[in-house]
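Notes follow the structure.
The structure presented is a predicted model; accordingly, all values stated were derived computationally and were not measured. Below, all heavy atoms of this structure are taken into account, side chains as well, without hydrogens, waters or symmetry copies. Naming convention: chains lettered A, B, ... in sequence-line order (proteins, then strands); numbering from 1 in each chain.
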2 protein chains.
Amino acid sequence: MGHQQGSDAVTASSSAPLPVCFISDSTAITAETLGNALLVHFPDAGFLRRTFSFVDTVDTAREVVRQISERMPQAVVFMTVRNVDAAAVLTAGLSNVVDLLSEHLNQLERILGMPRTQGDHAHPHGMGDTDRYHARMRAVEFAVEHDDGQSLRMLELADLIILAPSRCGKTPTALYLALQHGLRVANYPLTEDDYPGQQLPGPVRPYSERCFGLTSSAHRLSQVRQQRRPGSPYASLEQCRRELLQAETLYGLHQIPFLNSQNKSVEEIAAVILQRMGLRKSPVRIH
Amino acid sequence: MGHQQGSDAVTASSSAPLPVCFISDSTAITAETLGNALLVHFPDAGFLRRTFSFVDTVDTAREVVRQISERMPQAVVFMTVRNVDAAAVLTAGLSNVVDLLSEHLNQLERILGMPRTQGDHAHPHGMGDTDRYHARMRAVEFAVEHDDGQSLRMLELADLIILAPSRCGKTPTALYLALQHGLRVANYPLTEDDYPGQQLPGPVRPYSERCFGLTSSAHRLSQVRQQRRPGSPYASLEQCRRELLQAETLYGLHQIPFLNSQNKSVEEIAAVILQRMGLRKSPVRIH
């Protein structure tokens, strides 16, 4: 028995997750986003991730080299560090460095016919243009205030109103679009009583051209609702079927574009909405 | 006069913003994130952005090539398209293509000693591991429910509790950490009446080791509050000064790490909190 455990351990160890480090001079959002988008191409390898943010001086770079060399010298390192000296310390001190910026910047210099700036003041995920930044934060407030039809105050300012029966993904989608794209997004629930005569619910009726609907499959919706209120009529398959059919009928009647959110992530739902509604503003979180 | 307008137009045209296209086979999050992180290095150029998401077949790639060639043939193109044939159509048909994946994937194949997968099922911003995805969505619900001390239900499950006086950035930070990192984040307001005797407010007192504080400058806080309630005592410089002093004293007494959020974006605040609180889980939105 002890022997078996031992051989299991060897197997486990030989397939131990490979350390991956993200090293950034700022938030590490770029390094993590691209690094992870690359790693999904190697689904058979297991990875153990570690992030080092705000590595923007030679001293912090040296400290990071020391830590990685001691604890995980074979780590794959994704790097977005603009300070040339700090980047040189990392490249010289670590083995498997994937520099996510340099080559692309060289190519852009050729395409644009101008040199990159040498200052390191421009952080892609800093405040940037403060007016835009604050507009984005106001969009987040708007989305929180207008979650699930809670408030109708200044609904006329909404860039988008997401409609759906309960538990189809309205809330995270609205918050995501507000946070990442600075859009003022309200979300409004469709309940059985709320739209007699196949009219849109009163408060959103004047804004039908800004509405987008979500739907799901009855089976999936019932599962999700069972987690919330087990055994309730609200969670029954029959009720879910009826609500989804009503919602889809309503979308059809009022020419409201809609999407089945069942197997889609909030990022995918948001991307579809941006595309279908022509809502993609120039990104608000950068210059 | 007409002449002057004409010469203005020439100037405007010679410094017209350069079209930039992001072409992705999925949400375009990776392409936009890295593309924009690269473009900030060219602050003197103006860019006009356009995103093409879900370009995952030869046919959609051909349509995109047609549109770009007609309307903006000189566009800089950032591409994250994994389908080899679709990518080839784009590279052959467009001028200034920056391929954000290929070279890095080649390098990773060498480092990892294994080939990339040829399937294109693994989307970095799809649902991925559905258990993890749903845990992330529950974290978003938790953050909405526990916004601004509105609910104390299951507060014991919070990974993090953000404390701050009104208008220091609690809400967007909490939502960001929930959405992007799957953390259950509550946020709780510090008001003058709420912490007599320099105790932490009752509901969060048992969880002081999970608390993180935000502060600001009195001047900035007063500005922000003036926008909300002009001329109110709440917005007065004196009141803001007093509240911030009380908050910082409280953080100090209870060893609660804190950050001045005044000139920081929500992404930067979140990155600092993750680092200081040791909260960075393996990213939850990817495999």
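Once rounded to the nearest 0.5 Å, the distance linking CG of A:L34 with CG of B:L101 reads 7.0 Å. Rounded to the nearest 0.5 angstrom, B:I29 CD1 and A:S265 OG are separated by 7.0 Å.
Note: B:T51 leads B:V140, B:T51, B:N263, B:L39 in heavy-atom pairs under 4.5 Å with chain A. Listed options A:Q74, A:E103, A:K264 were ranked by heavy-atom pairs under 4.5 angstrom with chain B; first place goes to A:K264. Of the listed residues A:D147, A:V98, A:D99, A:D44, the one with more heavy-atom pairs under 4.5 angstrom with chain B than any other is A:V98. Heavy-atom pairs under 4.5 Å with chain B were tallied for A:F42, A:F78, A:F54; the largest tally goes to A:F42. Ranked by non-hydrogen atom pairs under 4.5 Å with chain B, the options A:V144, A:L100, A:V76 are led by A:L100.
Residues satisfying the ring-ring contact (aromatic ring centres under 6.0 Å, His included) test with A:F142, not counting sequence neighbours, are A:H146. Evaluation of the side chain to side chain contact (heavy atoms under 4.5 Å, CB included) rule for B:M154 yields B:E156, B:L157 as partners, not counting sequence neighbours. A:R138 is linked by a salt bridge (charged side-chain N to carboxylate O under 4.0 Å, His left out) to nothing, counting only residues two or more places apart in sequence or in another chain.
Only the side chain of B:L18 has a heavy atom closer than 4.5 Å to any heavy atom of chain A. If you measure heavy-atom distances from A:M137 to chain B, the contacts under 4.5 Å come from the side chain alone. For B:V272, the parts lying near chain A are the backbone and the side chain together; criterion is any non-hydrogen pair under 4.5 Å. Within the 4.5 angstrom heavy-atom criterion, no atom of B:V77 approaches chain A.
With hydrogens and angles disregarded, a donor-acceptor distance shorter than 3.5 Å links the side chain of A:Y133 to the backbone of B:V266.
For B:H104 and A:H104, the ring centers are positioned less than 6.0 Å apart.
Counting heavy atoms from C-beta outward, B:T33 and A:H125 have side chains that approach closer than 4.5 Å. In this structure, B:T171 and A:E141 have side chains that are not in contact, with every pair of non-hydrogen atoms separated by 4.5 Å or more. For the pair B:T117/A:P43, a side-chain contact is recorded, criterion being any heavy-atom separation below 4.5 Å from C-beta on.
Nearest approach of B:T30 to A:A37, heavy atoms of both residues: OG1-CB, 3.5 Å. Of all non-hydrogen atoms in B:S53 and A:A271, the two that sit nearest each other are OG-O, 4.3 Å.
Between the side chains of B:T27 and A:E268, no donor N or O sits under 3.5 Å from an acceptor N or O.
A salt bridge is defined here as a Lys NZ or Arg NE, NH1 or NH2 lying under 4.0 Å from an Asp or Glu carboxylate O, and A:E267 with B:R136 meets this definition.
Residues of residues 105-112 of chain B lying within less than 4.5 angstrom of chain A, judged on heavy atoms, are B:L105, B:Q107, B:L108, B:E109, B:I111, B:L112 in numerical order.
Within 6.0 Å of atom NE2 in B:H219, 12 or fewer heavy atoms from other residues, nucleotides or ligands are found, so the atom counts as exposed in its surroundings.
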